[in-house]
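This report refers to the structure that appears directly beneath it.
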2 protein chains.
Amino acid sequence: MARKFDHLLEKHNLKKTAPRNSVLEILSTRDVATSQPDLEGIIGKDIDRVTLYRILKTFEEKGIIHKIIDINGTANYAFCHGDCSEHHHQDEHIHFNCVSCQGVYCINDVSIPHINLPQGFSAHAISMIVSGVCDKCQSSSEENA
Amino acid sequence: MARKFDHLLEKHNLKKTAPRNSVLEILSTRDVATSQPDLEGIIGKDIDRVTLYRILKTFEEKGIIHKIIDINGTANYAFCHGDCSEHHHQDEHIHFNCVSCQGVYCINDVSIPHINLPQGFSAHAISMIVSGVCDKCQSSSEENA
DNA sequence: TTAAGTGCAAAATCTTTGCAAATGT
DNA sequence: ACATTTGCAAAGATTTTGCACTTAA
């Protein structure tokens, strides 16, 4: 039974199971990163909570999705753009975390500036999260004004 | 019984209690941010875990300390530099999170560059965490090479 | 067939809440 | 004396672990 993400899973030596397909299906429909609690809510009882944990962990390790820790310390997941692989996440873009709707957006068009670190420090990855109000929440608050 | 941080607590209309003094004492001896688990370890059973939660929450609200969520989603705490107040955290500097020792450093001498967000988005705060290897872990790994 | 993946139950953590006792002012 | 803060107990939430059952290859 061919499913939408068979190729992706195959590529990473993962078995093509229904739960994995569902998770990929959900993430693919969303343009923003999705928090673990939200994922649980969407999936409901179709997938066991433990299975979800394991799927997300596996996908992250394989470089299929990446994890974004938001300003509350909650994990959010989104598809990797560009060249993520098992050993390197190419994820050096900015994320925007709305304080109102909690949404996490990938701001792809603004790249992270280069940073000069003190002697002896070497950087592997950079996480930059801008928190504030997103466009949707901005306009809905104007309506009520 | 005058204690080291009486003035600081007074300034924020907080009672000068032993647990609060201990927390401030610990944080003041450390040049890096301290994770909640580490704090618990240092404090041991002198302070109830719940009390620690509440103290940290209060201090953060008052602008005495600030919370840094590290790359693992764990809360780390450090004294506020500059002008933090109850209503605004002036905390726009870079943090460095060592993947080896887990230490969180405040990189004060490098300021966060200005970011242009898409239309409709407004920024309130910025969190920038560089992860990699700190100077101490760097040199200790060289010794073993 | 068999190794990988899932689901359930249960343990281990982490965080919050309620309330009585203790403490600072 | 009074409001705040603490400590304990208990509830709630999150995350991990173990193991038997199921499924893809």
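All values below come from the heavy atoms of this structure, side chains included, with hydrogens, waters and symmetry mates left out. These figures come from a predicted structure and were not determined experimentally. Quick note on labels: first sequence line is chain A, next is B, and so on, each numbered from 1.
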Next on the checklist: Check this one for me: any side-chain N or O of B:Thr17 less than 4.0 Å away from OP1 or OP2 of D:dT4?
Outcome noted: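 Indeed not, no polar side-chain atom of B:Thr17 lies that close.
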Expressed as a whole number of angstroms, how long is the span from [X]:[atom1] to [N]:[atom2]?
X	N	atom1	atom2	answer
A:Asn21	C:dG5	CG	P	15 Å
B:Ile55	C:dT15	CD1	C1'	16 Å
B:Leu56	D:dT6	CG	P	11 Å
B:Asn13	D:dA3	CG	P	16 Å
B:Ile69	C:dC14	CD1	C1'	13 Å
A:Asn72	C:dT15	CG	P	13 Å
A:His12	C:dG5	NE2	P	13 Å
A:Leu52	D:dT17	CG	C1'	17 Å

Item to check | Contacting residues from residues 44-51 of chain A, given that a heavy atom lies under 4.0 angstrom of DNA chain D | outcome: A:Arg49, A:Val50
Checklist entry - Where do A:Ile69 and B:Asn72 land on the side chain to side chain contact (heavy atoms under 4.5 Å, CB included) test, with the steps shown first? => result CA-CA 7 Å; A:Ile69 301 289; B:Asn72 307 304; over 6 Å; no
Next on the checklist: What I want to check is whether an N or O donor and acceptor connect the side chain of B:Arg54 with the base of D:dG7 at under 3.5 Å.
Outcome noted: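 Indeed there is one.
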Checklist entry - Below 3.5 Å, does any donor atom in the side chain of A:Lys16 face an acceptor in the base of D:dA25, or the other way round? => result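 For A:Lys16, whose side chain was compared with the base of D:dA25, there is no donor-acceptor pair (under 3.5 Å).
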Next on the checklist: Under 4.0 Å, heavy atoms only, any strand: does B:Pro37 hit a base, just the sugar-phosphate, or nothing?
Outcome noted: nothing
Next on the checklist: Side chain of A:Lys15 only, heavy atoms from C-beta on: which candidate in C:dT25, C:dG7, D:dA25 is closest?
Outcome noted: D:dA25
Checklist entry - So which nucleotide from C:dT25, D:dA25, D:dT14 ends up closest to the side chain of A:Tyr53? => result D:dT14
Checklist outcome for this item: Taking every heavy atom of A:Ile126 against every heavy atom of B:Met128, the minimum-distance pair comes out as CG2-CE, 3.9 Å
Item to check | Shortest non-hydrogen contact from B:Gln138 toward A:Gly120 | outcome: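 Nearest heavy atoms, B:Gln138 then A:Gly120: NE2-O, 3.0 Å.
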Item to check | Interatomic distance, B:Ile64 atom CD1 to B:Phe5 atom CZ [nearest 0.5 angstrom] | outcome: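 If I round to the nearest 0.5 Å, the distance is 10.5 Å.
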For residues 35-47 of chain B, tabulate all N or O donor-acceptor pairs below 3.5 Å that involve a side-chain atom, not counting sequence neighbours.
from, atom 1, to, atom 2, distance (Å)
B:Ser35, OG, B:Asp38, N, 3.1
B:Glu40, OE1, B:Arg49, NH1, 3.0
B:Glu40, OE2, B:Arg49, NH1, 3.4

Next on the checklist: Here's a test of your reading of the structure: between A:Lys57 and A:Glu10, which maps to the more 5' nucleotide of DNA chain D?
Outcome noted: A:Lys57
Checklist entry - Starting at the 5' end of DNA chain C and moving along, which residue's nearest nucleotide shows up first, B:Glu40 or B:Leu14? => result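 The answer here is B:Glu40.
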Item to check | A:His12-A:His7 aromatic ring centre distance below 6.0 Å | outcome: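 Ring-ring flag for A:His12/A:His7: false, centres at least 6.0 Å apart.
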Next on the checklist: Under 6.0 Å between ring centres: does that hold for B:Phe121 and A:Tyr105?
Outcome noted: yes
